[in-house]
Structures are given as structure tokens and as C-alpha cells.
Amino acid sequence: MNAQVVRMPKLVMLSGSAHQCLAKDIARSLGVMLSDRALERFPDGEIHTELREDVADADVYIVQPANSPVAENVLEVLLLADAARRAGAARITAVVPYLGYARQDRRTSGGQPLGAHVVARLFAGCVDRMVTVDLHSCALEGFFDSPVEHVTAVPLLAGALRAFAGRDGVVVAPDHGAAKLADEIGRALDLPTALVSKTRVSATEVHARRVVGDVRGRAPIIVDDMVSTGGTMVAAYAALVAQGCLPRVTIAATHGLFVGPAIARLRELPLERVFITDSVAPVDFSLPGEIVGLGVLLADVVRRLHGGTSVSSLLSTR
Ligand code: R5P
């Protein structure tokens, strides 16, 4: 009897316009080229896209972070996915290293939408699978009707921090949501941890109420899933100083959004270094910083998904 030949579907990498650099890094690691497509705006602002290469029967990956402009960036993925579906793609995976709206995962008043659920449904309606990195909360996976590979960049960040952090460091969660993250990085660096209790006053202002853990005489390393306006970091540092920490601070976060007053705020801190990943296209943040690339990690995820092998060792457990 003849052995049956199993043909792997063609791997196709597409990119939206938000972060082509990361898409190229992933493609390079995989040894493929980004697939050609047109992506432009009609005069009325509508997005027009058109695939320029054959994706029939292909395993298609669309790389695009959903940061600002969030709605446009999400829609680009949906339109590219629809184009690929109509052109006969066998499977479509959205690789969204930063998922906008993820913080809207609960309602704080009866008149609010569940933004994260709305966005999850949009993606799930157009793609077969999602790959994303360090979501605001693991529970978000439950909002998607299609499979989600929730990858973590924490080992990469911890590796970068390890070469830098002194023995006098303390890893600090600036709010309860970051407690497990701080614990994980604290264990990786073999440093103690502390927690700041935070209350959000508005989209740009937070109050840090108290510090749990001993930070006196220690150099804080504040870790979070993202830096957006920088309010959380600044408030946390003020609370730590009041408890006698050393007057220098290191910041580490997967997503460096740096919107609005973020850079100006962080410049006011005695900042030793900021560690972020390139989950969104890095802004020129002109601070002492280190950007940890996600290209190799995400290429590894794509390689495993394409080959049908397990990605579980790369997934977040927080
Ligand atoms: C909130 O729960 C998040 O984990 C971050 O702490 C927050 O989004 C950071 O935002 P900002 O930099 O504007 O304080």
C-alpha cells in the first residue's frame, strides 16, 4: 500500500498598517516574505484593501496590534480576514500582540458596554483563531467564540531585567491586577515583591492608597501589563517614596502605549530604565529604555500553529 502524502497548506503572512516592522520580523524568522496587499484609505476615510497574492487553501496569519487608532486598526484586520476568506483561505489567524479594549472587561456602572466582549465578537466573527500577548486579564479568553492563544512575554522581560536589576531591588505591582505578574517576575529575579493599592479617578488620573510589603531602602522595579498615560506608574512611585524606597525606579511592561502625558510624566521620575516590548510600534519615548522584540516569540507561535504542534509552553498562566 502506498504511504499517504500529507501536503501542508501554504503559510501566508499578511500585515495591517499598524506595525509592519514586527510583521517583517516574524516573517523573517519564519523564512517567508510578507504577502503583498494594497491597503489605503478612500477619500471618505473608508479602508480599502486588496490581496495581491493567491491565498487559496492557505494558512493565513494577519499581524496587527489594536492600539491607536484602535477602531481603524481592528477594522483593517477584519477586512483583510474577509478578503482572505473570500479568496479561499483554509484558515485565518489574527496575530494581535496588543488587544485594544481589553481593559473594558467589566462594567463599573449599568450604563456601560462590555467593550472587550464587543471587540472579541468582532474578531471571532472574521477569523478562526487569535494569537495575542499578555492580555489585561486571562479571563478575557472566555469572551471569544474561537480559540485564543494567549502568549506571554514575561520570560523575555524578566530576562532583560535580570541583566540589569541589582540585589537591592523590589518588584512592585502598581495595582492588584498586576500582583501575579510581580510575583512571577519577582521569582524569576529572586527578589522580594510589594503591592500598591490603586484607585482610578479618571482615564488619566489614579490614586495610590497604600503599599503592602517592605520597600524601605530598596530600588523599585514597577511591573504592569501596560503603560498608557503613565498615571499608574507615577502614583505608584509616589506611594513607594512615601514608604522609604530608594530614589530611583525601573519600569517594565509588555505594552508601551505612552499616550497623552505619559512621556512628560515619566520624565519627572528618577528613571533608571524602561523595559517594554514591541507589541505596538515603539514611539520615540526618549527615555532610558530597552525594547524587547517579540518577533522570534511570535514566529515560534506561528510555526507551531502551522505545523500543528503545541504552543502551551509559550502561553500565559496568569
Ligand atoms: C490597568 O488596570 C492596567 O493594568 C494599567 O495599570 C493601566 O492601564 C495603565 O494605565 P495608565 O498608564 O494610564 O495609568
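Whatever order the structure lists them in is the order used to number ligands and atoms, beginning at 1.
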Pairs of nitrogen or oxygen atoms, one from ligand 1 and one from the protein, closer than 3.5 Å: please tabulate them with distances.
| unit_1 | atom_1 | unit_2 | atom_2 | d |
| --- | --- | --- | --- | --- |
| ligand 1 | 4 (O) | D224 | OD1 | 3.2 |
| ligand 1 | 4 (O) | D225 | OD1 | 2.6 |
| ligand 1 | 6 (O) | D175 | OD2 | 3.3 |
| ligand 1 | 6 (O) | K198 | NZ | 3.1 |
| ligand 1 | 6 (O) | D224 | OD2 | 2.5 |
| ligand 1 | 8 (O) | R103 | NH1 | 2.7 |
| ligand 1 | 10 (O) | R200 | NH2 | 3.4 |
| ligand 1 | 12 (O) | S228 | N | 2.8 |
| ligand 1 | 12 (O) | T229 | N | 3.1 |
| ligand 1 | 12 (O) | G230 | N | 2.8 |
| ligand 1 | 13 (O) | T229 | N | 2.8 |
| ligand 1 | 13 (O) | T229 | OG1 | 2.6 |
| ligand 1 | 14 (O) | R200 | NH2 | 3.3 |
| ligand 1 | 14 (O) | T232 | N | 2.8 |
| ligand 1 | 14 (O) | T232 | OG1 | 2.5 |

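- The backbone N or O of V96 lies less than 3.5 Å from a partner atom in the side chain of T132, making a donor-acceptor pair.
- With K198 contributing its side chain and A235 its backbone, the two residues share no donor-acceptor pair below 3.5 Å.
- Under 3.5 Å, the side chains of Y61 and R91 contain a donor-acceptor pair of N or O atoms.
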_Quick one, Q64 with L14, criterion side-chain contact (heavy atoms from CB on, under 4.5 Å). Give me CA distance, side-chain angles, the key distance, then yes/no._
CA-CA 9 Å; Q64 172 95 315; L14 281 164; over 6 Å; no

*Check step by step if side-chain contact (heavy atoms from CB on, under 4.5 Å) holds for I276 and F258.*
CA-CA 11 Å; I276 52 164; F258 300 120; 3.7 Å; yes

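- Remark: side-chain polar atoms of R218 are paired, donor with acceptor, to backbone N or O of G169 under 3.5 angstrom.
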